[in-house]
Amino acid sequence: MNKKRRNYSARKRKEAATGLLFIAPMMIGLIIFSAYAFFQNIHFSFSKVGTFGAPKFIGFDNYIRAFTDPNFFIALKNTLFYTVFGVSFVIIFSVLIANSLNKKVKGRTFYRVSIFIPAITMPAAIGILWRWLLNYKFGIINFILERIGLKPVAWLSEAATVKWAILLVLVWSMVSYYVIIMLAGMQAIDSSYYEAARVDGAGQLQLFFKVTIPLLTPIIFFSTIMSMIGILQIFDFIYLMIQRDTIAYQYSMSMVTYFYELAFVKDLRGYASAVSILLCIIIMIITVIQMYLQKYWVKYDN
Amino acid sequence: MKIKKFIKGTMLVHIMLIIFSFIMVGPFIWMFLTSIKTYEETIRIPLQILPKAIQWINYGIVYDKFPFLTLYFNTFFITLITIVGQLLVVSIAAYAFSRLIFPGKNVIFLMMLGLMMVPGQIFIIPRFQLMVQFNLTNTLTALILPNIFNVFGVFMMRQFFSSIPKELDEAAVIDGCGYFIIYWKILLPLTKPGLVSLGIMVMLNTWKELMWPIIVNRTMDKMTLSAGLAMLIGEHTTYYEQVMAGAVISVLPMIIIFAIFQKQFVAGIARAGLKG
């Protein structure tokens, strides 16, 4: 009896040691590149960090600076603009497109490959491509606008339009990925739900609104959170499409482009750290609100 | 009557899909058309849709100006090493979290969950300084090292391990197999779909990542394709036919890979998305 128990606990000890050993490489990496970096960033946010010398503690100065810096609020406002409109458009379009792709029609593979292409294209190529499409004089978008009798728009250099131009590219580039997710969600819906609804005499629209959408709400919720976190960190297209020395930059800059500028152009690393922490707090607050709100609209199967 | 209705129904779907496909692919067609025009043709008003003669020479010009081979090699190399690194580091940790009991397991796991919610910018300045301290700026290692410790990968792989019935490794324990053998020989081969998803994720990430490479590396020979293309944009934006040729060279291989492995790609992305 005694011997048996000892054996048992020896096995347990071996298991525990093995477990710790197996997670050790991951933990060492995370401690250096995530945990240490995380606390270091907090430390920087309370310090004056120059290129040379040790960071100097300055209390809440960096945070106070953010709250009195008009550029910070411009960046915040722009970021929220991209997030609210971006998430809405991405979700709506991806559900609509996925729903069409979910139908059994000829040439589905062709449509699918075409629609998914932006999801596998690098932002650098997308940015430069759209910069060309939206070119004031020679861009094809303005050419089309003129053909249908509208005035050409200075998409990327005018204060009123630049945000919409970025939003357009953002949504265009993001929709593909979420179509993949939504389509996978739709294909997982048991066909018996549709059959039952059809027996009850439901039409196409009713099937979409009464069966597909409710059963897809967990996926829609997941996509809302993921796209929201992604857009709150928007950087690539603004960096690639807008020249930093124009007024358009002011009107389109996001929190992350502002962070990048502070940290790596102006070398204000302490202040930049504070901006990144504020962004993190904003992301967490919005995520928590979303988590709380989900019980009012997300329907889980069981 | 019924057939008519059916045709009307699918017609509408076709029309919608054609419009959506065109919106997604149209810009790429224009990219290609621009890349085979002369400079004069790209700035003609009103717009000229097709070139008079195809100017393949634009591709030669950007190829000479721009080290595509190096950038391709870098991107490929970084992807490969990151995948191998993650396979070793991430999957074995995922196995431990799924199967083994050890002290602190739940606390560590929750802390990792918390890390996943933190936006990447939080880490960038300290990581950059770490790279400076390690003397790793402007190296390919700087683009690989921080990406190996993929928390999301651990979560995803843990799900895959947990979906394998426990009886399988219990039987192996009775047969006297050690934990490493169980992980490496028995369970890992069964998580192949997960590993494929992980590989696709790493590939897309390396392919798309922009901020970290332009921060930590300075010279063209240490850039990924994505960051290199961004640098090309910064330098020449007057000759769009050349820039578009560069863009075509950059995106085409991935589009071809995607067209061939379409099913695996889509399934991989969907799995990675939905397991999270």
Side-chain angles (χ1 to χ4, degrees), chain A residues 15-16 18-20 22-23 25-26 29-30 33-34 36-38 40-41 44 97 100-101 103 105 111 113-118 120-125 128-130 132-133 138 140 143 176-177 180-181 184 204 233 235-236 240 256 259-260 263-264 269 272-273 276-277 279-280 283-284 287, chain B residues 10 13-14 16-17 20-21 24-25 27-28 30-31 34 42-43 47 89-90 92-93 95-96 100-103 105 115 117-119 121-123 125-127 146 148-149 154 179 204 207-208 210-211 215 225-226 229-230 233 240 243-244 247 250-251 254-255 258-259 262 266 269-270 273-274:
Chain A
E15 183 176 344
T18 313
L20 291 171
F22 282 7
I23 66 163
M26 185 75 194
L30 284 183
F33 291 108
S34 299
Y36 165 78
F38 180 76
Q40 184 76 332
N41 196 61
F44 285 169
I97 297 173
S100 316
L101 278 177
K103 300 262 161 43
V105 291
Y111 292 130
V113 171
S114 313
I115 288 169
F116 291 172
I117 283 178
I120 48 133
T121 308
M122 57 179 75
I128 189 61
L129 169 59
W130 278 91
W132 175 231
L133 298 172
F138 314 116
I140 195 166
F143 173 72
S176 293
Y177 177 82
I180 299 177
I181 305 280
Q204 285 295 325
Q233 298 177 59
F235 167 78
D236 296 0
L240 292 161
V256 176
F259 161 82
Y260 173 80
F264 298 101
R269 303 240 159 101
S273 297
S276 73
I277 300 243
L279 175 66
C280 180
I283 289 179
M284 286 189 173
T287 308
Chain B
T10 52
V13 174
H14 272 293
M16 273 177 74
L17 286 173
F20 288 136
S21 306
M24 294 307 193
V25 176
F28 291 102
W30 194 241
M31 178 196 264
T34 306
T42 63
I43 57 163
L47 278 193
V89 172
V90 167
I92 199 164
Y95 163 74
L100 304 177
I101 297 165
F102 52 89
K105 180 175 161 180
L115 266 185
M117 301 221 331
V118 177
Q121 293 76 34
I122 292 260
F123 308 117
I125 296 172
R127 278 181 188 177
I148 286 184
F149 309 100
V154 175
Y179 293 113
L204 285 177
W207 190 253
K208 291 180 166 188
L210 183 66
M211 199 200 263
I215 286 171
L225 203 51
S226 183
L229 191 64
I233 300 168
Y240 267 100
V243 175
M244 288 299 125
S250 312
V251 301
M254 196 63 153
I255 292 179
F258 174 67
Q262 190 246 131
V266 170
I269 292 173
L274 299 178

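Naming convention: chains lettered A, B, ... in sequence-line order (proteins, then strands); numbering from 1 in each chain. Side chains included, hydrogens not; waters and symmetry mates left out as well; all remaining heavy atoms used.
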Could you tell me if the side chain of [Y] sits less than 4.5 Å from the side chain of [X], heavy atoms only?
X	Y	answer
Asn41(A)	Phe123(B)	no
Ile23(A)	Leu100(B)	no
Gln233(A)	Ile283(A)	yes

Could you check which of [options] has the highest count of heavy-atom pairs closer than 4.5 Å to chain B?
options	answer
Val105(A), Leu129(A), Val113(A), Thr18(A)	Leu129(A)
Ile140(A), Leu101(A), Ile117(A)	Ile140(A)
Gln40(A), Lys103(A), Glu15(A)	Glu15(A)
Ile120(A), Val256(A), Ile180(A)	Ile120(A)
Phe116(A), Trp132(A), Phe33(A)	Trp132(A)
Thr121(A), Leu240(A), Thr287(A)	Thr121(A)

Region of Phe38(A) that comes under 4.5 Å of a non-hydrogen atom in chain B: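 Both backbone and side chain of Phe38(A) come within 4.5 Å of chain B.
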Region of [X] that comes under 4.5 Å of a non-hydrogen atom in chain A:
X	answer
Ile255(B)	both
Met244(B)	side chain
Val251(B)	side chain
Ile101(B)	both
Met16(B)	side chain
Gln262(B)	side chain
Ile122(B)	both
Tyr95(B)	side chain

Euclidean distance, Gln121(B) CD relative to Ile277(A) CD1, rounded to 0.5 Å: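 It is 11.5 Å, given to the nearest 0.5 Å.
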Which of Ala259(B), Ala247(B), Ser226(B) touches chain A most, by non-hydrogen pairs under 4.5 Å: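 The option with the most such pairs is Ser226(B).
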Choice from Leu115(B), Val89(B), Ile92(B) maximising heavy atom contacts with chain A below 4.5 Å: Ile92(B)
Heavy-atom pair of closest approach, residues [X] and [Y]:
X	Y	value
Leu133(A)	Pro27(B)	CD1-CB, 3.6 Å
Leu20(A)	Pro103(B)	CD2-O, 4.0 Å
Ser250(B)	Met122(A)	O-CE, 3.8 Å
Ser114(A)	Val25(B)	CB-CG2, 3.4 Å

Intermediate values then yes/no, side-chain contact (heavy atoms from CB on, under 4.5 Å), Trp30(B) and Leu47(B): CA-CA 12 Å; Trp30(B) 194 241; Leu47(B) 278 193; 3.9 Å; yes
Ile43(B): side-chain contact (heavy atoms from CB on, under 4.5 Å) partners, not counting sequence neighbours: Phe138(A), Tyr39(B)
Ring geometry between Phe259(A) and Phe264(A) (parallel below 30°, tilted from 30 to 60°, perpendicular above 60°): perpendicular
